[in-house]
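Just the heavy atoms: all of them, side chains too, but no hydrogens, waters or symmetry mates, feed the values below. No experiment lies behind these values; they were computed from the predicted model shown.
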Amino acid sequence: MPTAPTPAPPTTEPTGLVRRIGLFQATAINMSQMCGVGPFITIPLMVAAFGGPQAIIGWIAGAVLALVDGLVWAELGASLPGSGGTYVYLREAFQYRSGRLMPFLFVWTAMLFIPLIMSTGVVGLVSYLGYLWPGMTSLQGDLVGLGVVALVVVLLWRRVESIGRITVAMWAVMILAVLALIIASYSHFHAGQAFDWPAHAIQLTHGSFWTAFASGLTIGIYDYLGYNTASYTGAEIREPGRVMPRAIVYSVIAIMCIYLLMQIGVLGVVNWHDMLDTHSAAYTSVASVVLERAWGHTAAQVVTVLILITAFASVFAGLLGGSRVPYDAARDRVFFKQYGRLHPKHRFPVLGLLSMGVITAAGFLFGRHTNLQTLISLLTTVMVIVQSLAQVLALVVLRKRQPGLSRPYKMWLYPLPGVLAGIGWLVVYGFADKAAPGIHPIEWSLAWLAAGCIAFVLWSRFEKVWPFGPKEVREEYLERQREDAAVSA
């Protein structure tokens with residue numbers, strides 16, 4: 001939490017983004033993105049990874065990684081509250097040696113991995129819709145998913161203050177769906193089944209356990225992704241030095257408690273062996289099965305509708321934050337300038353929203369016709385190098401390069417959380433090829449990164465910036481801090 005109050009940066013000019021998102025809305029944005037349809041569709045995946053109820057280890061491991069990485073986001077977001085999140089952090093940290101390369105590569109990769117995350121939400125939505133529509137064909141499911149993406153884009157085509165109200169409403173529906181599942185599961189709970197761990201479930205000396213652990217960590221951190229969503233809208237958050245760290249930490253802790261209650265509760269109702277059959281309802285819509293066994297078919301249908309709304313809310317919140325990522329980069333001439341244009345009336349980034357909407361639709365179709373584990377592995381490998389690992393390093397670089405920068409929140413036990421986050425992300429990255437055999441996510445992520453480097457060379461030559469022009473170093477937030485001090489004096 002912030003250790004001392006700090007003056008908020010000047011409000012963005014009327015022609016730019018407006019600071020109107022408060023703590024409750026920022027936390028709701030994070031939680032809506034974190035607890036979307038993810039846990040409802042990955043509980044069977046987690047059980048399969050560990051081979052039994054010891055799957056709760058994966059949720060705990062994911063929570064630890066999310067929390068230590070969240071502390072990285074908290075310090076960076078509080079001290080550098082700009083639109084674009086990681087883009088801003090990498091721009092400020094790495095401009096001294098590599099010019100605009102790192103922020104450009106981040107935006108390049110974010111244009112892929114953020115929509116892929118959203119596409120998993122659409123895959124899950126269509127999967128649960130199958131419980132209400134048993135005769136749905138593959139083509140019909142594809143059309144429904146594409147329609148959902150289009151509807152999200154239409155709803156985001158408006159002012160941010162209206163979006164904040166919509167987000168809070170959908171957050172309330174998400175909480176209702178989760179509470180219904182938790183209450184139903186514990187009203188029909190069998191402790192012996194929930195904690196019936198197989199013999200030798202934890203064998204630290206066996207490679208199979210660590211393979212299961214890496215798989216569970218990958219699934220777990222995927223389900224926690226979203227604790228940073230509000231950071232992408234940093235230029236639209238009121239009092240970011242106070243709100244940003246609180247929103248991140250509150251959302252991680254709250255979702256961790258929710259996930260553990262859900263996993264244990266579901267295992268107490270549905271035998272874990274049933275979740276391993278990929279053609280069973282216990283695999284495709286396990287939450288609906290829990291509700292049906294506990295409260296009957298009608299209650300299961302009602303809560304399934306809430307789960308569908310929850311899935312929709314996660315896609316909504318993710319595209320809200322993600323569409324802002326290329327905006328600040330383009331405005332600062334670090335990405336294609338077309339992405340820096342706002343809607344003349346509603347003041348939102350038009351091209352960012354449309355581009356990510358299209359990629360989300362394409363990712364949904366890919367996930368529908370492969371499998372969810374493959375899609376999760378692809379999106380995590382794409383984001384690890386240029387976002388997760390680079391951001392941990394950026395925190396260290398900024399502490400050395402800009403020691404005078406105002407830091408209303410400083411990471412607890414620095415640098416230990418950053419080190420743990422780096423190790424966790426390396427485990428996730430190294431396991432990717434085993435999780436998706438035949439797809440080679442690591443190779444694809446490296447190919448995408450190489451393509452980004454080529455795009456940067458071509459772009460920088462056209463724009464005549466480093467390495468084809470002078471290296472520009474601008475410590476934006478330090479300069480703003482000095483200006484504020486001068487005005488106060």
Would you please say whether a donor-acceptor pair under 3.5 Å links the side chains of Asp69 and Tyr224? no
Closest approach of Phe50 to Ala55 (non-hydrogen atoms, all atoms of both residues): CD1-CA, 3.8 Å
When you measure from the side chain of Lys434 to the backbone N and O of Thr211, does any donor-acceptor pair fall under 3.5 Å? no
Using 0.5 Å steps for rounding, measure from the CD1 atom of Ile221 to the CG atom of Leu65. 4.0 Å
Main-chain N/O of Leu405 paired to Gln481 side chain as donor or acceptor, under 3.5 Å: no
Checking side chain to side chain contact (heavy atoms under 4.5 Å, CB included) for the pair Phe431/Ser215: CA distance, chi angles, key distance, verdict? CA-CA 7 Å; Phe431 174 75; Ser215 177; 3.3 Å; yes
Donor-acceptor pair between Ser445 and Tyr429 side chains, under 3.5 angstrom: yes
Are the side chain of Gln95 and the backbone N or O of Arg474 linked by a donor-acceptor pair below 3.5 Å? yes
Is it the case that the side chain of Lys337 and the backbone of Arg331 share a donor-acceptor pair, with hydrogens and angles ignored and the cut-off at 3.5 Å? no
With a 3.5 Å cut-off and no angle check, do the side chains of Trp59 and Gln263 form a donor-acceptor pair? yes
Could you give the side-chain donor-acceptor pairs of residues 174-181 under 3.5 Å, partners two or more places apart or in another chain?
none

Looking only at heavy atoms, which two atoms of Ile57 and Phe209 are closest? And how far apart? CD1-CE1, 4.4 Å
Donor-acceptor contact below 3.5 Å, side chain Glu75 vs main chain Leu71: no
Sub-4.5 Å side-chain heavy-atom contact between Leu372 and Thr42: yes
d(Leu76 CG, Arg407 CZ) to nearest 0.5 Å is 8.5 Å
Is there a donor-acceptor contact under 3.5 Å linking the side chains of Tyr87 and Gln387? no
Donor-acceptor under 3.5 Å (Tyr259 side chain, Asp223 main chain): yes
Between Asn30 and Asn228, is a side chain to side chain contact (heavy atoms under 4.5 Å, CB included) present by the stated rule, with each step listed? CA-CA 7 Å; Asn30 286 348; Asn228 51 15; over 6 Å; no
Expected list for residues 98-118: side-chain donor-acceptor pairs under 3.5 angstrom, two or more places apart:
{"residue": "Ser98", "atom": "OG", "partner": "Phe94", "partner atom": "O", "Å": "3.2"}
{"residue": "Arg100", "atom": "NH1", "partner": "Arg333", "partner atom": "O", "Å": "2.5"}
{"residue": "Arg100", "atom": "NH2", "partner": "Glu472", "partner atom": "OE1", "Å": "2.5"}
{"residue": "Trp108", "atom": "NE1", "partner": "Trp448", "partner atom": "O", "Å": "3.0"}
{"residue": "Thr109", "atom": "OG1", "partner": "Leu105", "partner atom": "O", "Å": "3.1"}
{"residue": "Thr109", "atom": "OG1", "partner": "Phe106", "partner atom": "O", "Å": "2.9"}

Anything under 30° is parallel, anything over 60° is perpendicular, the rest tilted; go ahead and classify Trp210 against Phe213. perpendicular
State, with a plain yes or no, whether a side-chain heavy atom of Ile255 is found less than 4.5 Å away from one of Met31. yes
Is the distance between the ring centroids of Phe462 and Phe468 under 6.0 Å? no
Would you mind reporting whether Met244 and Tyr409 have side-chain heavy atoms less than 4.5 Å apart? no
Could you tell me the separation between the CD1 atom of Ile258 and the CG atom of Leu261, rounded to the nearest 0.5 Å? 8.0 Å
Answer yes when Arg91 and Glu476 have at least one side-chain N-carboxylate O distance shorter than 4.0 Å, and no when they do not. yes
Evaluate side chain to side chain contact (heavy atoms under 4.5 Å, CB included) for Leu420 paired with Leu416, printing each intermediate quantity in order. CA-CA 6 Å; Leu420 293 176; Leu416 182 59; 4.1 Å; yes
May I ask you to test the Leu267-Phe195 pair for a side-chain heavy-atom distance under 4.5 Å? no
Less than 4.5 Å apart, side chain to side chain, heavy atoms only: is that true for Leu156 and Val153? no
Shortest non-hydrogen contact between Pro441 and Thr381, atoms and distance: O-OG1, 3.5 Å
Taking the side chain as every heavy atom from C-beta outward, state whether Leu67 and Met256 have any pair of such atoms under 4.5 Å apart. no
Atom of Ala421, atom of Val392 and distance for their closest heavy-atom approach: CB-CG2, 4.3 Å
Determine whether a donor-acceptor pair (N or O, by modelled atom type, separation under 3.5 Å) exists between the side chain of Trp73 and the backbone of Tyr227. no
When rounded to the nearest 0.5 angstrom, what distance separates CZ in Phe364 from OG in Ser119? 9.0 Å
Considering only heavy atoms from C-beta outward, does the side chain of Phe312 approach that of Leu155 to under 4.5 Å? yes
Work out which heavy atom in Ala394 is nearest to a heavy atom in Leu90; give both atom names and the distance. CB-CD2, 4.0 Å
To the nearest 0.5 Å, what is the distance between CG (Leu478) and CD (Gln402)? 4.5 Å
Please determine, by modelled atom types, if Tyr339 and Ser355 share a side-chain donor-acceptor pair under 3.5 angstrom. yes
Nearest-0.5 Å distance that lies between atom CD1 in Ile439 and atom CG in Asp433: 10.0 Å
Would Tyr327 and Leu351 count as a side chain to side chain contact (heavy atoms under 4.5 Å, CB included) if you check the C-alpha gap in whole Å, the side-chain angles of each, and the deciding distance to 0.1 Å? CA-CA 9 Å; Tyr327 167 75; Leu351 190 56; over 6 Å; no
Please say whether more than 12 non-hydrogen atoms of neighbouring residues, nucleotides or ligands are located less than 6.0 Å from CH2 in Trp444. no
Does some side-chain heavy atom of Ile56 sit less than 4.5 Å from a side-chain heavy atom of Met46? no
Applying side-chain hydrogen bond (donor to acceptor under 3.5 Å, both in side chains) to Gln373 and Tyr222, what does each step give before you reach the verdict? CA-CA 10 Å; Gln373 180 71 59; Tyr222 156 76; over 6 Å; no
Pro408 to Ser406 - nearest heavy-atom pair and separation: CD-O, 3.4 Å
